[in-house]
Amino acid sequence: MKREFPKSFQPHDCEGKWYDEWQKNKIYATDGNKGSEHYSILMPPPNVTGILHFGHVLNQTLQDIYIRRNRMLGKDVCWFPGMDHAGIATQSKVEAALKEEGLTRYDLGREKFVERVWEWKEKYGGIILKQLAKLGISCDWDKTLFTMDESASNAIQEVFIQLFDEGLIYKGKRIINWSPLSQTALSDEEVEFREVSEELYTLRYYFENSDEYLMVSTVRTETIFGDVAVAVNPNDERFKDKIGMNVIVPIVGRVVPIIADEHADPEFGTGCVKITPAHDPNDFLVGQRHNLEIINTINHDATMNSNAGEYAGLDRFEARKAVTAKLRELDMLEKAEAYVHNVGFSQRGGEPVEPYLSSQWFVSMQPLAADAIRVVKEGQVRFHPAHWVKTYEHWMTGIRDWCISRQLWWGHRIPVYYTEDGTQFTAARNSTEACKKMNLPEGTKLNQDPDVLDTWFSSWLWPLTTMHWKHDGITESTPDLEAFHPTDLLVTAPDIIFFWVARMIMASVKFHHEIPFKDVYFTSTIRDGQGRKLSKSLGNSPDPLNIIEKYGTDATRFTMIYLAPLGQDIKMEVDVIKQDVPSVEIGRNFANKVWNSGRFLLMKLDEAMGENDIDINKIIDLTDAELTASDKWIRSKFNTTIDALNKSLDDFKVTEYARILYDFIWSDFCAWYVEIVKVQFAQNESADYRLSLMKFAIDIYEGILLMLHPVMPFITEEIWHILCVKNQEESISLERSPESNPAYRDSAIETNFELLQLIVEEVRRLRASMQIQPSKKLPVTIASADEKIIAFLNEQVNSLAYFMKSDKIEITSSTEKPEGALASVIREISIFLDADGAIDIPAEKARLEKEIGRLEGNISGCERKLSNEKFVQNASAEIVQNEREKLESMRNSLAQVKENLSNLK
RNA sequence: GGGCGUGUAGCUCAGUUGGUCUAGAGCACCUGCCUUACAAGCAGGGGGUCAGGGGUUCGACUCCCUUCUCGCCCACCA
């Protein structure tokens, strides 16, 4: 029965089919008892609100490559998928939906609102995971964890209580980053600074009962309502005598002291700075040092409060305009100048954050950092590329406390209980336990803290919660933890090194006394043709699903890997309107090449079988004596390539892996070996030989499929089932490792074959230079003084003839040039192409003269080197020897070329 | 201000501990081909003082110093 092998590869026909088959047979599932060696990866959980982007394609493909490879190596492999509840993002989405109905979350109340969010999650939350599955990733979906799942919640609660009891979580009244849009506190990491052009206003602060004034500069005129002092530097001679005097805040009329504080920089502005402790982190510290009153003038939504008098209710920016106008009117404004400075923006909401004084929960990070720095320094956790270690250490060394409370409803509620008067509180699993901890009578009414935890407070426990650590609040160890923690590899974008990577290291070391992962691979940032980051807001990001639809999953995966050098950005031309990424053609064309070479092998196999239906596995292998040098050459190359591929993956040089595969398959296998198979097949009509030859070629090709499978899982699976498996029931998947056999490595044959390639290429060049018709067959003479080379070339004479389009080849030790032939010299081997009178004498003369010039240049360079005593003394013997041989060979070649020139008449 | 990275053909990038590197590949370009799988293909070609300067060395794209370019991260100035 002949097998079907369509003319071109149709990705869509096989992708869904194989993915279903893999998942149905649960070949990616494990209970941790499948083998002695384990390998695991944690999937960075996408946001429940997320949609697929190119970052995912790259990131997931990288993980899948390592997962598949290690499974193929026979390890017990587990890839843990999951999804993040994404506090602010998700809550905003649901609030936006409510707004459509004319409602706010307060109309629903907390409980109803959270129910709504769960409903939303059930309805839309799975989209991103289904999209990820489209990438062909081989994870065990049954192990999917949602960060709001009960088992995760329990662990998170335990961690909070433990840190609270140890005094590492504390409540503090501080200036935090407030998001007026989301109306919640943010951590420092959630704020990004951007350069903004604003105006710097210089105001007059008059002394009491005087016409004299101090000049004070500020951008934020609206904050003068919170002014409680003016600070000057204690060493600033200009103001030394003013310290202790009072000035009057414009408009407000408040009398405030002039204080001395290092915070005031004499070099900046007027040297005087107004102190507003409620609205600036530095001013807050100054206020603490000088025991100043704190006057808050801004509401949660960034409108002015009653302390702003007639400006109350105005938005902060409108208030700034109004106050500035008023100052101008009162002649209190000395000047206004253009000013560029950095302003913090909410990463999520995009609005300027407000430095805001409020009570929040903090984690004391310094005590957690020490061990986490150590495990990286010691190389227990390795970063790729390694230069991230410096960034990591720098941040960890100066680490600041982490604000973890969020004024949201969607998230893990803070497990802290307060007495009704608010004077006593503790962290506990429930109010009963809280009563006990506070020595209160059981049943005392307590209130739980209304706030929830920062989403990243669940993310930092991801290595533990995915494996159900303390899923019930108690259990320290689980089968997954036993088998798969620490995980082997984390693949993630470098922009979350602080948000996530560093914190996971701290958490696993602190709570489980183990590192969370051994290697961290930081992925490339994907940019468009102009070098801009692909992003939704820029509108320069095509939907990967459209690209997959157009080119296929394998092609998309391969292209991303092929283009993504470790530690450097990828630049990729994108066309959002056409929804196209043209460079994915690389992968598409490559897939086509792979497909067609497989198709060719099957055609030839079928031809060899004739009417018979033979099990490929029952075909007799060619003996070593029956193999030609070319067969041995491809076998040797194949084994060299496997080793190179393994090394590239071990070194996390994934792009190199893709390039080695590409070059080996395209050049070595397709361009050379497949052509040779055609010749060998044609020249030997024995059916047995032909079958055995095809089996040999298909065996090599099967190895190629195995090597390619981690990056192109679908096409390889499809071809393997068509070409390599007789009985479809035997195996669901090709997954197993190609083995390299050092015995098949043969450097002598590789060198000889390289020579054959050079000769072929030279003849092609000669033909092209004389514009000889491609179909025209011409006699070729190859002359060498080396008998071994003659023997090798003689064995390959049919292949040579085919490659060189020659109808007559003479391989000889005599260097006599045939009449009227084009002549060339490659490594002392003379090549004569009988151009049958089509020879252009002046052109040929010019070509030979150019060659002579080149050789003479090289020879004199070589001679100069060798006559340099220091070179001969210092360079290694091998280098010097090489140089001598090179010189000798070039001299011989030069002589031959000169002879060819003199014969040219 | 501090740290990290980058600069090689028109474009995107390779280039292993300095020595066949007078520097490679893909795309684009030019010439010619429907040659027994593949025109999503095949054969050939042009194109680069390896950002600039200095140094170490017998020898530098590769190591050191320095200037410049572009990019990223951290800190932050009222």
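Heavy-atom basis, side chains included; hydrogens, waters and symmetry copies ignored. Throughout, a chain's letter reflects where its sequence line sits, starting with A, and its residues are numbered from 1.
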Nearest-angstrom distance, P atom, B:G2 to B:G7
23 Å
Is there a Watson-Crick or G-U wobble partner for B:A75 with both distances under 3.5 Å, and which nucleotide is it?
none
Separation between the P atoms of B:G26 and B:U35, rounded to whole Å
23 Å
For B:A40 and A:Asn589 - does any side-chain N or O of the residue sit under 4.0 Å from the phosphate oxygens OP1/OP2?
no
Taking atom P of B:G44 as reference, at what distance in whole Å does atom CG of A:Leu833 sit?
14 Å
Watson-Crick/G-U partner (both atom distances under 3.5 Å) of B:U20:
none
Could you check whether the rings of A:Phe590 and A:Tyr662 sit parallel, tilted or perpendicular, using 30° and 60° as the cut-offs?
tilted
When only distance counts, do a donor and an acceptor, one from the side chain of A:Lys593 and one from the base of B:C38, lie under 3.5 Å apart?
yes
Residue A:Tyr562, side-chain heavy atoms: nucleotide from B:C58, B:G26, B:A40 that is nearest
B:G26
OP1 or OP2 of B:U12 sitting under 4.0 Å from any side-chain N/O of A:Lys571?
yes
Determine the interatomic distance between C1' on B:G19 and the same-named atom on B:C33; round to the nearest Å.
41 Å
Rounding to an integer number of Å, can you tell me how far A:Asn868 CG sits from B:G19 P?
18 Å
Given the P atoms of B:G52 and B:G44, what is the spacing between them in whole Å?
32 Å
Is it true that a side-chain atom of A:Arg503 and a backbone atom of A:Phe499 form a donor plus acceptor pair closer than 3.5 Å?
yes
Does some side-chain heavy atom of A:Ile676 sit less than 4.5 Å from a side-chain heavy atom of A:Phe803?
yes
Name the pairing partner of B:C27, where a pair is Watson-Crick or G-U wobble with both distances under 3.5 Å, or state none.
B:G10
Span that lies between the C1' atom of B:U8 and that of B:G1, in whole angstrom
33 Å
Nucleic acid footprint by protein, nucleotides 72-78 of chain B - heavy-atom cut-off 4.0 Å, B for base, S for sugar-phosphate alone
SSSBBSB
Using Watson-Crick or G-U wobble geometry with both distances below 3.5 Å, tell me the partner of B:C42, or none.
B:G32
Nearest to the side chain of A:Met603 - B:C13, B:A37, B:G19?
B:A37
Interatomic distance at C1', B:C64 relative to B:U57, whole Å
12 Å
Of the nucleotides B:G45, B:C38, B:A43, which has the atom closest to the A:Asn592 side chain?
B:C38
Judged by nearest nucleotide, the residue sitting upstream toward the 5' end of RNA chain B, A:Met890 or A:Glu883, is A:Glu883
C1' spacing across the pair B:U17 / B:C29, given as an integer number of angstrom
38 Å
Between B:U36 and A:Lys678, is there an OP1 or OP2 to side-chain N/O distance shorter than 4.0 Å?
no
Can you say whether the rings of A:Phe383 and A:Phe522 are parallel (under 30°), tilted (30 to 60°) or perpendicular (over 60°)?
perpendicular
